Amino acid sequence: MDYRTLGRTGLKVSALCLGTMQWGWTADEETAFAVMDAFVEQGGNFIDTADVYSRWVEGNPGGVSEQIIGRWMKARRNRRQIVLATKVRGRMWDGPNGEGLSRSHIMRAVEDSLRRLETDVIDLYQIHADDLNTPMEETLRALDDLVRQGKVLYIGCSNIVAWRLMKALGISERWGLARYDSLQPHYHLVHRREFEAELKPLCESEGLGVIPYSPLAGGFLTGKYRPDAPPPPSARLSGVKRYFNEHGWRVLAAVERVAAERGATPAQIALAWQLSQPVITAPIIGANSVAQLQELLPAATMRLTAAEMAVLDEASRPQP
């Protein structure tokens, strides 16, 4: 496993981050424990979750993924070996303050996450999405207080546009507040423009670590979906169908061509394409089984040649 520093911090994280949205949704606790065990055994130390996972599932109140991770770390006694990331923003209780990035919501939500994770500190606390209804300075001062209190070590952001991120960095610099050290964007070969247009140069300029979510396009880039066959059952199928078009199939064909020539799997190539870009710290991978995880892990040390990158870049060039 390769390790990289998170942005301009001194924090070392594995080149692949294990996403856990599926814990308590498409993977039960026993499976979750097995996957996390295998991840750590192969050198992985970076685990990402969110308080809201997976509140959209019937009977799931949210916080289930955090609870499973907390029980696993307690059972394995490995908290010091784990770089633990979680998020705040989504609705977690009823009432007007049950969601958002107000001081009121953040201060209550972090205590709930700490309790569920059975820890006294969160390594990376991220805003899950921007909140246009809360003054940015209020959010940043609340997060800065958590850093000063030792409940949070670093802060990051996700699902935010470039000008808002730059404004947040400016506020932190002006008032001497903790600043966002990482960005978690939606980024993969079939969805490039959102990150590359403005967020990518901003992260490069300001030294933010980049930990993309959905690097395999919800499973589309694994090759399990075919243009000439009915799609297999999947809990994420409704979201993946957006890539069932000429552009998506062209990208997949290029990924499969590079994979065949290299003797790798399409998923490994899609991850290696990201990791071959210096701006990327660690794509967030998901796995519903140890077998799925084992397929993805070799990508952590795989780098593509300039020729391979050119093939993928040309096939996936964003459409006008």
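Fair warning: this is a prediction, and the values are worked out from it, not measured in the lab. We count residues from 1, following the sequence as given.
Formation of a donor-acceptor pair under 3.5 Å by the Gln22 side chain with backbone atoms of Ala287 is found in this model. Of the possible donor and acceptor atoms, one in the side chain of Gln292 sits under 3.5 Å from a partner among the backbone N and O of Asn288. Judged by distance alone, with hydrogens and angles left aside, the side-chain atoms of Thr5 form no donor-acceptor pair with the main-chain N or O of Leu11 at under 3.5 Å. The backbone N or O of Arg79 lies less than 3.5 Å from no partner atom in the side chain of Arg77, so there is not a single donor-acceptor pair. In this structure a side-chain-to-backbone donor-acceptor pair under 3.5 Å is present from Ser65 to Thr20. Checking side-chain atoms of Glu66 against main-chain N and O of Gly63 turns up no donor-acceptor pair under 3.5 Å.
Contact check for Glu204 versus Val210: no side-chain heavy atoms found under the 4.5 Å cut-off. Between Leu296 and Leu216 the shortest side-chain heavy-atom distance falls below 4.5 Å. Residues Gln274 and His188 meet the side-chain proximity criterion, which asks for heavy atoms closer than 4.5 Å. Tyr180 is listed as a side-chain neighbour of Leu143, based on a closest heavy-atom distance under 4.5 Å. Between Ile82 and Val40 the shortest side-chain heavy-atom distance falls below 4.5 Å. The side-chain heavy atoms of Leu221 and Tyr243, taken from C-beta on, include no pair separated by under 4.5 Å.
With respect to the salt-bridge test (charged N to carboxylate O, under 4.0 angstrom), the residues Arg164 and Asp131 do not qualify. With respect to the salt-bridge test (charged N to carboxylate O, under 4.0 angstrom), the residues Asp145 and Lys151 do not qualify.
By the 30° and 60° cut-offs, the orientation of the rings of His191 relative to His186 is parallel.
A distance below 6.0 Å separates the ring centres of Trp249 and Phe220.
Residue Trp273 forms a side chain to side chain contact (heavy atoms under 4.5 Å, CB included) with just one option from Met309, Met302, Arg303, and that option is Met309. Evaluated for a salt bridge (charged side-chain N to carboxylate O under 4.0 Å, His left out) with Glu256, the options Arg262, Arg226, Arg250 yield exactly one hit, Arg226.
Hydrophobic clustering keeps Val161 apart from Leu202 (ILVMFWY residues linked when any side-chain heavy atoms are closer than 4.5 Å, directly or through intermediates).
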